[in-house]
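Here the structure comes first, spelled out in structure tokens, and everything after it is commentary.
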2 protein chains.
Amino acid sequence: MSANSRLTIASHALAWIGLYQRQGHEVATSEQIASSANTNPVVIRRLLGDLRRAGLVESRRGVGAGWSLARELGSMTLLDVYEAVEPGPLFAMHRTTPDQECVVGHGIQPAMQRVYDGVEQTLRKELARVTLEDVLQDVLATPR
Amino acid sequence: MSANSRLTIASHALAWIGLYQRQGHEVATSEQIASSANTNPVVIRRLLGDLRRAGLVESRRGVGAGWSLARELGSMTLLDVYEAVEPGPLFAMHRTTPDQECVVGHGIQPAMQRVYDGVEQTLRKELARVTLEDVLQDVLATPR
DNA sequence: GTCGGTCGTAACAATTACTGTTGCGACAGC
DNA sequence: GCTGTCGCAACAGTAATTGTTACGACCGAC
């Protein structure tokens, strides 16, 4: 499918910030999170920027700068994260319009669109059932 | 997401062959299907090749060559097509292993994997509920 | 047995998306 | 002012998808 890792990395960042704050720290830096996720700080800043626009995190600038949660992890679901960082739909239509003179070419897009809409709805419901608190608890419960 | 159109085009091809056979023809050529889907015949042959490997269509070579259904449209679901033409998972993990010394870096992949597995299961169930016969009927019911 | 039409498949180009990287201005506390 | 971080633009590398060309394999018709 050529899947991307944005939902994974964004969830990683949120869990990391949440845990870090529980350990008494005010803000987390993109550099710290990038080190945990083994990627570049700019990648983290890009994703956290999306999450900030969605109201899930806040950023502070200046010297004591960094990121903090805007809400409790228990009130954020993976659907919130998904909608914040995933732009497009799951399945694509034809890249060029099919032959409208052909019965199939004419009716296939509405037909498939109905199916895809239903599938996306179901996927959203599934993602909405998992909070970031659930994820963090699951992370902490992983044996080492 | 960078979604692809394979499920769409493959379904288009199956619906087209099905309808064409109902009109009394034995086989459909990739050139005819490509014309309806407004793409290149090789693209169609590639996808139908996947469907053939999955046992959904058959191909005949030689002069009267072309493609025909291996089963009734009513016995094929979109899940069959999805599994035949979609190689990878929906969501990707980190491209590089996260920091295993970090609690989050260590536990995040198993935690997210569990979620993703559940989501894919649900998606499969949803796709399995729709047969290609349903799709064709929906196509034919589309007003022009 | 040759011919003609189609499949099967490899190879390559064009486009696009994703990720990583560099660079630098903006900001705010010291 | 100085310092550390964000914000953001720009670009490179990689990979996937799709389109295209090319050509051999196949097989029925003649």
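Atom set for the values below is all heavy atoms of this structure, side chains included, hydrogens, waters and symmetry mates excluded. Everything quoted here is computed from the prediction, not taken from an experiment. Proteins come first, then strands; the chains are lettered A, B, ... in the order of their sequence lines, and each starts at number 1.
Counted within 6.0 Å of CZ on B/Arg114, heavy atoms from surrounding residues, nucleotides or ligands total more than 12; the atom is thus considered enclosed. Counting non-hydrogen atoms of neighbouring residues, nucleotides and ligands closer than 6.0 angstrom, the CD atom of A/Gln23 exceeds 12 such neighbours. Heavy-atom neighbours of A/Gln100 CD from other residues, nucleotides or ligands within 6.0 Å: above the threshold of 12.
Here B/Arg6 does not reach the OP1 or OP2 of D/dA16: none of its side-chain N or O atoms lies under 4.0 Å away. Between D/dT5 and A/Ser30, no contact under 4.0 Å exists linking OP1 or OP2 to a side-chain N or O. OP1 or OP2 of C/dG20 has not a single side-chain nitrogen or oxygen of A/Arg46 nearer than 4.0 Å. Between D/dC6 and A/Arg45, a contact under 4.0 Å exists linking OP1 or OP2 to a side-chain N or O.
Out of C/dG20, D/dT21, D/dC6, the shortest distance to the side chain of B/Arg95 is found at C/dG20. Residue A/Arg53 has its side chain nearest to D/dC8 when only D/dG19, D/dC8, D/dT5 are considered. The side chain of A/Arg61 lies closest to C/dG25, out of C/dT22, C/dG25, D/dT21. Of the candidates C/dG20, D/dT18, C/dT9, the closest approach to any side-chain atom of A/Thr39 belongs to C/dG20. Closest to the side chain of A/Trp67, out of C/dT9, C/dG20, D/dC6, is D/dC6.
Residue A/Glu86 contributes atom CD, which lies 14 Å from atom C1' of C/dT19 at whole-angstrom precision. The separation between A/Met93 atom CE and D/dT18 atom P is 13 Å, rounded to whole Å. Between A/His12 atom NE2 and C/dT19 atom P the separation is 15 Å, expressed in whole Å. Regarding A/Gln32, its CD atom lies at a distance of 11 Å from the C1' atom of D/dT5, rounded to whole Å. Remark: P of C/dA13 and CG of B/Asn40 are 16 Å apart, rounded to the nearest angstrom. Rounded to whole Å, the distance from CD on B/Glu26 to C1' on D/dG28 is 13 Å. Protein atom CG of A/Asp50 is 11 Å distant from nucleotide atom P of C/dT19, rounded to whole Å. Between B/Ile17 atom CD1 and C/dC7 atom P the separation is 10 Å, expressed in whole Å.
With values rounded to the nearest 0.5 angstrom, B/Leu51 atom CG is found 13.5 Å from B/Arg46 atom CZ.
With DNA chain D read from its 5' end, the first of the two nearest nucleotides for A/Val63 and A/Ser59 is the one closest to A/Val63. Nearest-nucleotide mapping onto DNA chain C: of B/Arg60 and B/Thr96, the residue sitting toward the 5' end is B/Arg60. Mapping A/Val43 and B/Ala65 onto DNA chain C by nearest heavy atom places B/Ala65 at the nucleotide closer to the 5' end.
Remark: the backbone N or O of B/Leu7 is paired with a side-chain donor or acceptor of B/Ser11 at under 3.5 angstrom.
Contacts classified as ring-ring contact (aromatic ring centres under 6.0 Å, His included) and involving residues 98-139 of chain A (residues at least two apart or in different chains) are given here: A/Phe91-A/Tyr116.
Residue contacts for B/Gly64: at a heavy-atom cut-off of 4.0 Å it reaches no nucleic acid atom on any strand shown.
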